Amino acid sequence: MWSSRTLFILAAVGSAVGLGNIWRFPYITGENGGGAFVVVYLLCIAAVGIPVMMAEVLLGRQGRQSPINTMRSLAQQSEAWRGWSLIGWMGALGGFLILSYYSVVAGWALYYIYLLASGTFVGTEAAAAGAAFDAFLANPGLLVGFHTLFMVITVFIVGAGVVAGLERAIRWFMPLLFVLLGVLLVYGATSGGFAAGFNFMFSWNWEKLTADGVLEALGHAFFTLSVGMGAIMAYGSYMPNKASIPSAVVMIGVLDTLVAIAAGLAIFAIVFANGLEPGQGPGLLFVTVPIAFGNMGLGVLFGTLFFILVTFAAITSAISIIEPAMAFAVEEFKARRWHVALVLGLVCWILGLGTVFSFNAWADVHVVGEMTFFDFFDFVTQKVMLPLGGLLIAVFAAWVLPKAVVKAQLRLPGGRPVEVLWEVLIKVAAPVGVLAVFVYTLYHFFFQ
Ligand code: PFF
């Protein structure tokens, strides 16, 4: 069990803050035209993500086992269908798929530590930074190498069980990350892109928002909070009973959102200061940030540190992504952590090759429709599994688990009004919201 409430928060922040905030949020915001997309995303965090996260933590703490067995035993205790353990199975499977591409992108960050440290980008022009990234993506050998390195680091940390020490390091990491995002923001502001970036993120251009964009915002809200696949449930199972779930979850949600917004503002300031394309896709972080650090004093130092921080953020998230499968294997087969970590790592590594080749050799291989392996893994996890998992978790906590259990776990502060708000969010807003977005997207897919 976590030794204290603080350690739970640190671990959960470590899980939540990751590539989702720094890499994914800015690039999907760019692809979806900014403004309205950000508003929908914030709404999804507040009305769906945070309540479902509370539900997930409370289920975990009530069940105190791996997500699969937690769901099974809670369903039994509630005299409900045992098939609710499917939430746990889907989460464990989702973890494999997510980690497979997460590791590839984390490998990009690892490589960029080297590029920045070696001064590659000193005085760089926008075009050269873009060309460097394209050349990197076109080199499957390098991509595989850094994907492998990241996976080895993750397997080592998970296998050796040195996770708690890492969690404590989050104390240092968060302020440092904000400082470096601040440095980027100052650069963006002095080179004249801040206002344009700010407008891009916060002006309400509804006409740019598509049905797919709404689903993207919802799926990303789950992804960035690590909710919908049992990761936070697994962490909740280690949380001490006396710690307050609502205050911890709100804090995690706010911190996670602040990091994403800060990263977005910094990156779009650079985008507009240099006349770059906001919707250029997954390379956005790796093209903009080197331009900024390449053209400021102490840029080599700051830039190297920045990508070290991104990698660290990715590691603390990666650990939580395989925790549901890890916890289940250790509990069910009494297997050793080392063995499980190696097997899980190997499976994710192999799956990750699909993502590696999506950017070069297999760029024209389409799994479904127009989707490459990377697109497909991304689609199935963010847009299907996480929202579906979140929906089922909300329904289970709201309608299946005895009310007294929920009440005793949550101990909501603020009396009746807060209780009503919780009920409305978890019983109606979260499930109906997810369902509505699913139906709306399917309708557009088939009829428009
Ligand atoms: N929340 C992490 C991020 O934003 O990078 C990613 C993640 C972690 C997703 C854990 C899912 C998960 F279970």
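Just so it is clear, the model here is predicted, and its values are computed rather than measured. Note that ligands are numbered from 1 as they come in the structure, with each ligand's atoms numbered from 1 the same way.
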The single option from Arg61, Arg64, Glu323 passing side-chain hydrogen bond (donor to acceptor under 3.5 Å, both in side chains) against Tyr238: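 Option passing the side-chain hydrogen bond (donor to acceptor under 3.5 Å, both in side chains) with Tyr238: Glu323.
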Contacts of type ring pair (Phe, Tyr, Trp, His ring centres under 6.0 Å), residue Phe302, not counting sequence neighbours: none
Pair Asp212 + Lys383: basic N to acidic O under 4.0 Å: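 Salt bridge present between Asp212 and Lys383.
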Under the salt bridge (Lys or Arg N to Asp or Glu O under 4.0 Å) test, residues paired with Lys208 that sit two or more places apart: none
Could you pull out the N/O contacts under 3.5 angstrom between ligand 1 and the surrounding protein atoms?
{"residue": "ligand 1", "atom": "1 (N)", "partner": "Ser15", "partner atom": "O", "Å": "3.2"}
{"residue": "ligand 1", "atom": "1 (N)", "partner": "Ala16", "partner atom": "O", "Å": "3.1"}
{"residue": "ligand 1", "atom": "1 (N)", "partner": "Phe223", "partner atom": "O", "Å": "2.8"}
{"residue": "ligand 1", "atom": "1 (N)", "partner": "Thr224", "partner atom": "O", "Å": "3.2"}
{"residue": "ligand 1", "atom": "1 (N)", "partner": "Ser226", "partner atom": "OG", "Å": "3.0"}
{"residue": "ligand 1", "atom": "4 (O)", "partner": "Ala16", "partner atom": "O", "Å": "3.0"}
{"residue": "ligand 1", "atom": "4 (O)", "partner": "Gly20", "partner atom": "N", "Å": "3.4"}
{"residue": "ligand 1", "atom": "4 (O)", "partner": "Asn21", "partner atom": "OD1", "Å": "3.3"}
{"residue": "ligand 1", "atom": "5 (O)", "partner": "Leu19", "partner atom": "N", "Å": "3.1"}
{"residue": "ligand 1", "atom": "5 (O)", "partner": "Gly20", "partner atom": "N", "Å": "2.7"}
{"residue": "ligand 1", "atom": "5 (O)", "partner": "Tyr102", "partner atom": "OH", "Å": "2.5"}

Any pair counted as side-chain hydrogen bond (donor to acceptor under 3.5 Å, both in side chains), so long as it reaches residues 335-359, sequence neighbours left out: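 Residue pairs passing side-chain hydrogen bond (donor to acceptor under 3.5 Å, both in side chains), neighbours aside: Thr148-Trp349.
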Phe198 CZ: over 12 foreign heavy atoms closer than 6.0 Å: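 No - once you tally the heavy atoms of other residues, nucleotides and ligands closer than 6.0 Å, there are 12 at most.
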